[in-house]
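Quick note: numbers below take in every heavy atom, side chains included, and nothing from hydrogens, waters or symmetry partners. Positions are given from 1, in the same order as the sequence printed here.
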Amino acid sequence: MKGTIAKRLNGIGEYYFSQKLREIDQLNKAGKNIINLGIGSPDLPPHPSVIEALNAKAQLPDSHAYQSYKGLPVLRNAIAAWYNNWYQVALNPDTEILPLLGSKEGIMHICMTYLGEGDEALVPNPGYPTYTSAVKLAGATPIYYELKENNHWAPDFEQLEKTDLSKVKLMWVNYPHMPTGQQATEKLFREIIDFGKRNQIIICHDNPYSFILNEKPLSILQIPGALEIALELNSLSKSQNMAGWRVGMLCGAADRINEVLTFKSNMDSGMFLPVQYAAATALSLGKEWYDEINGIYAERREKVFELLDALGCLYSKEQAGMFVWASIPEEMKDGYELSDKVLYDKGVFITPGGIFGSAGNRFVRVSLCGSVEKFNQAIQRIAGNEN
């Protein structure tokens, strides 16, 4: 049949949250009023100056045309200044930075640029499911490396070195790690870069969470020589409360940026000019901005700890990012069982850790994207004080 889907979609399921949100919508239509604590979509607005910059540029008659595939100099310069100020990384805004329509698209761009049939890519387990789907859509094979709690959710490099890496072209890494909240360290980044160089594997570091509940934001590009082997994705979605604006960036050596641009330029026609100016404004915000949003998230995280205590879950208080990762009680079969029990019995949705890979089966993840009042209500439901 001519209408049969392409082979590249074989084995690619619908994104878990897309499916689950439909189920929650049906429960709400049935009058259940589900409290959704599953998705990391910031519920707070950007800084007012960001909205003002968007509005001001949107009023101009010449702001609505197609834009450069590489982004405006004002945005690339703002990204370079942001990296220099917060990460102490010097990047050439003309050659080493590529603005993206969200960093999620960058994952696909990188995979489509470097991977094809017969290639392999190292993917963390547990890890962001999009790494797997992007690798598969590019025609390559994901090779999972397991992260374990007793190893601080870091790669086991000794085990990796024993693996056949002859077909591996990329390695996906992500610290602060989603879903576990494990913070980055310079030591870990040095080990990752050394591993990539030894094995001639491009290191792809996905770094959207470094400003959330994290006193010292780190970039893998801080490591001397990292530009020789590493690409880094970053985003305004979490740190600037701009998830729906779709603004991200790819940073790396000029040759790599140009290679990815070859693919990207065939996929879109540039970012809306007012959004670029607004993003540049967002990147210029000072420490007081990050302190304010982190104060809010810290208060919420205390409530999530209460909620997890009520569920009998165990967790580390040293996590970064906008989620809390927790191990489930022994009597539970897996995180899916606990998630469904809480959803259907208490009207609260938390994410089962198994959606991030088999190594997450004994865990659940709770988002910090909700008001204190919302968390209090969820706690009351779980404690049996509200139906």
Under 3.5 Å, sequence neighbours excluded: what are the donor-acceptor pairs made by side chains of residues 48-61?
from, atom 1, to, atom 2, distance (Å)
S49, OG, H47, ND1, 2.8
N55, ND2, I51, O, 3.4
Q59, NE2, N55, O, 3.4

Heavy-atom distance under 4.5 Å between the side chains of [X] and [Y], does that happen here?
{"X": "S367", "Y": "I39", "result": "no"}
{"X": "N33", "Y": "Q377", "result": "yes"}
{"X": "Y144", "Y": "T132", "result": "yes"}
{"X": "S239", "Y": "W289", "result": "no"}
{"X": "C313", "Y": "P329", "result": "yes"}
{"X": "L170", "Y": "V135", "result": "no"}
{"X": "L147", "Y": "P155", "result": "yes"}
{"X": "T262", "Y": "N258", "result": "no"}

Decide yes or no on side-chain contact (heavy atoms from CB on, under 4.5 Å) for H152 and E318, but give the supporting numbers first.
CA-CA 11 Å; H152 306 289; E318 304 304 315; over 6 Å; no
Ignoring hydrogens, what is the shortest heavy-atom contact between [X] and [Y]? Give both atom names and the distance.
{"X": "P99", "Y": "K70", "result": "CD-O, 3.0 Å"}
{"X": "P176", "Y": "N174", "result": "O-ND2, 3.3 Å"}
{"X": "A359", "Y": "E146", "result": "CB-CG, 3.8 Å"}
{"X": "L100", "Y": "L250", "result": "CD1-N, 3.8 Å"}
{"X": "K374", "Y": "C369", "result": "NZ-O, 4.2 Å"}
{"X": "Y175", "Y": "A184", "result": "CB-CB, 3.7 Å"}

Report the C-alpha distance between K303 and N376 in whole Å, list the side-chain angles of each, state the deciding distance to 0.1 Å, and finish with yes or no for side-chain contact (heavy atoms from CB on, under 4.5 Å).
CA-CA 7 Å; K303 290 297 177 180; N376 279 333; 3.0 Å; yes
Any link between [X] and [Y] through a network of hydrophobic side chains (Ile, Leu, Val, Met, Phe, Trp, Tyr) touching at under 4.5 Å?
{"X": "M271", "Y": "Y277", "value": "no"}
{"X": "I223", "Y": "F157", "value": "yes"}
{"X": "L221", "Y": "F189", "value": "yes"}
{"X": "L343", "Y": "Y336", "value": "yes"}
{"X": "V89", "Y": "Y209", "value": "yes"}

Under 3.5 Å, side chain of [X] to main-chain N/O of [Y], donor-acceptor pair present?
{"X": "D334", "Y": "E337", "result": "yes"}
{"X": "N207", "Y": "N234", "result": "no"}
{"X": "T185", "Y": "L188", "result": "yes"}
{"X": "R301", "Y": "V324", "result": "no"}
{"X": "Q240", "Y": "S237", "result": "no"}
{"X": "N77", "Y": "V74", "result": "no"}
{"X": "Q182", "Y": "A154", "result": "no"}
{"X": "R365", "Y": "T351", "result": "no"}
{"X": "N28", "Y": "I34", "result": "yes"}
{"X": "N241", "Y": "P46", "result": "no"}

Taking atom CD of E117 as the centre, report whether more than 12 heavy atoms of other residues, nucleotides or ligands fall under 6.0 Å from it.
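Atom CD in E117 is not packed in, count stays at 12 or less.
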Would you indicate whether E299, at its atom CD, is surrounded by more than 12 heavy atoms from other residues, nucleotides or ligands within a distance under 6.0 Å?
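Incorrect, the count does not exceed 12.
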Just how far is it from atom [atom1] of [X] to atom [atom2] of [Y], taken to the nearest 0.5 Å?
{"X": "D164", "Y": "I143", "atom1": "CG", "atom2": "CD1", "value": "9.0 Å"}
{"X": "F349", "Y": "Y344", "atom1": "CZ", "atom2": "OH", "value": "9.5 Å"}
{"X": "L101", "Y": "R246", "atom1": "CG", "atom2": "CZ", "value": "8.5 Å"}
{"X": "I293", "Y": "L368", "atom1": "CD1", "atom2": "CG", "value": "11.5 Å"}
{"X": "M322", "Y": "I212", "atom1": "CE", "atom2": "CD1", "value": "4.5 Å"}
{"X": "Q67", "Y": "D268", "atom1": "CD", "atom2": "CG", "value": "11.5 Å"}

K187/E191 under salt bridge (Lys or Arg N to Asp or Glu O under 4.0 Å): CA gap, chis, key distance, verdict
CA-CA 6 Å; K187 177 179 180 293; E191 291 175 337; 2.8 Å; yes
Would you call the rings of W325 and F363 parallel, tilted or perpendicular if under 30° counts as parallel and over 60° as perpendicular?
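Correct class here is parallel.
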From CA spacing to verdict: salt bridge (Lys or Arg N to Asp or Glu O under 4.0 Å), R198, D194:
CA-CA 6 Å; R198 282 197 308 275; D194 289 345; 5.1 Å; no
Please list, chain by chain and in numerical order, all residues satisfying ring pair (Phe, Tyr, Trp, His ring centres under 6.0 Å) with F211, sequence neighbours excluded.
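Listed in chain order: W82, W86, Y87, Y290.
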Is there a side-chain hydrogen bond (donor to acceptor under 3.5 Å, both in side chains) between D309 and Y315 once you walk through the steps?
CA-CA 9 Å; D309 289 341; Y315 51 86; 2.8 Å; yes
Take F195 and E161 through the side-chain contact (heavy atoms from CB on, under 4.5 Å) test and state the conclusion after the steps.
CA-CA 8 Å; F195 172 79; E161 295 282 5; 3.5 Å; yes
Determine whether the side chains of Q159 and Y145 contain a donor N or O and an acceptor N or O closer than 3.5 Å.
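Checked: Q159/Y145 side chains show no N/O donor-acceptor pair below 3.5 Å.
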Residue pair V304, F323: steps toward the side-chain contact (heavy atoms from CB on, under 4.5 Å) verdict:
CA-CA 9 Å; V304 172; F323 307 98; over 6 Å; no
